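What you are looking at is a predicted structure, and each value in this text was computed from that prediction instead of being measured. Atoms within a ligand are numbered from 1 in the order they appear, just like the ligands themselves.
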Amino acid sequence: MGSLMGKTALVTGGSRGIGRGIAERLGRDGAVVGVHYGSNRAAAEETVAAIEAAGGTAFALGVELGVPGDAAALWAAFDQHTDGLDILVNNAGVGTSKPFAEIGETEYDRLFAVNAKAPFFLTQLGLDRLRDGGRVINISTGLTHAAVMPELIAYSMTKGALDVFTRNLSKLLGARGITVNTVAPGIVDTDVNADWLRASDEAWAGAAAMSALGRVGTPADIADVVAFLASEDGRWVTGQWLDATGGSLA
Ligand code: NAP
C-alpha cells in the first residue's frame with residue numbers, strides 16, 4: 001500500500017514538466033491527485049491517464065493563474081471533485097529570458113502574479129480545505145541562493161518572495177501540524193528549457209557540468225524530494241529550503 005493512501009493532493013502546473021513528475025509520483029504513492037493546468041488541457045488529461053494507468057486516481061482542473069480571482073476559481077473547480085486536501089504543491093510558474101534592460105513593467109508584474117501572488121492566495125483560500133497534519137510544498141529555484149544566471153533576475157526575485165512565504169507560513173501553520181517547505185530545483189529537462197538546453201550538445205554538456213553529479217536534472221529527481229516531504233517521514237521538516245539542484249550550488 002502506498003504511503004499516501006487516503007490523502008488528496010493538488011499539484012498546480014501538474015500537467016507538464018516537473019509538476020507532472022510530482023503528480024505521477026504522488027499518484028503512485030496512493031494520493032488522489034488534482035492535476036492543475038493553465039491552457040493545455042490535453043497535457044493534463046495525458047497526465048491523469050498516466051496516473052490511472054499506474055493504478056492511481058486523478059482528475060484534471062484548468063484555471064489560469066496570475067489573473068484576478070484565480071485562487072477562488074481554482075478552489076471552486078477543485079471542490080467539484082473532492083472535499084478536502086492534504087498536500088498542496090505550488091509548482092506552476094513562468095520565467096523570462098529577456099535581458100535586464102528589456103524587462104518591462106507588464107512582464108515584471110506577470111512574473112510576480114503567477115510565481116508569488118498566486119501561491120499566496122491559493123494557499124490562503126485553501127486553508128479551510130487543508131486538513132491538520134497536511135503539507136504545503138512550494139517549488140522555487142536554486143537561483144534564489146546563487147546568482148549564477150543573473151539574466152533571470154526578475155524570475156529569481158519572484159521565487160525569493162516564495163521562499164520568504166514558506167518560512168513565515170511554516171510558523172503560522174505549525175500549530176495545526178501542517179509543514180511548509182520549499183524545494184529548489186536546478187536545471188531540469190522540461191519544455192521551459194527545451195529551446196536552449198536541447199539546442200546543441202555543448203549546451204546540454206554545459207548544463208550537466210553545473211551539477212556536482214554531472215548530469216541534467218529530471219522531473220523525477222524533484223518529485224522524489226517532494227514525495228519525501230509529503231510523506232509521514234517528512235513530518236519533522238518544516239520552514240526549510242531544500243536544495244534539489246544536484247549539487248549545482250555546492
Ligand atoms: P513547464 O514545463 O513550463 O510547466 C509549467 C506548468 O505550469 C504547466 O503545467 C503549465 O500549464 C502551468 N502554468 C504555467 N503558467 C501558468 C499559469 N499562468 N496559469 C496556470 N498554469 C500555468 O515548467 P517546469 O519547468 O516544469 O517548472 C515547474 C516549476 O519549477 C516552476 O515553478 C519553475 O519556475 C520551477 N523550476 C523549474 C526549473 C527547470 O529547470 N525546469 C528549475 C527551477 C525551478 P499549461 O501548460 O496548461 O499552461
query = What residue pairs, at least two apart or across chains, pass ring-ring contact (aromatic ring centres under 6.0 Å, His included) with a residue in residues 150-173?
reply = Phe120-Phe165

key: Contact check, side chains of Arg135 and Leu88, non-hydrogen atoms, under 4.5 Å   = no

inquiry  = Which option wins on minimum heavy-atom distance to atom 48 (O) of ligand 1: Gly186, Ser39, Ser156?
reply    = Ser39

ask   = So is Tyr37 polar-close to ligand 1, meaning N/O to N/O under 3.5 Å?
value = no

ask   = Considering only heavy atoms, which of Gly38, Ser140, Gly62, Gly66 lies nearest to atom 20 (C) of ligand 1?
value = Gly38

ask   = Is the closest basic N to carboxylate O distance between Arg167 and Asp163 below 4.0 Å?
value = no

task = Nearest heavy atom to atom 31 (C) of ligand 1 wins, so pick from Ile139, Ile22, Asn91.
result = Asn91

task = Consider every N or O of Val192 and every N or O of ligand 1, then say whether any pair is closer than 3.5 Å.
result = no

Option whose closest heavy atom lies nearest to atom 22 (C) of ligand 1, chosen from Gly142, Ala23, Ala92 = Ala92

key: Structural part of Leu65 in contact with ligand 1, heavy atom criterion under 4.0 angstrom   = both

request  = Look at Arg20 together with Glu46 and state whether they make a salt bridge at an N to O cut-off of under 4.0 Å.
outcome  = yes

task = If a pair satisfies ring-ring contact (aromatic ring centres under 6.0 Å, His included) and one of its residues is in residues 208-244, list it, with sequence neighbours excluded.
result = His145-Trp241

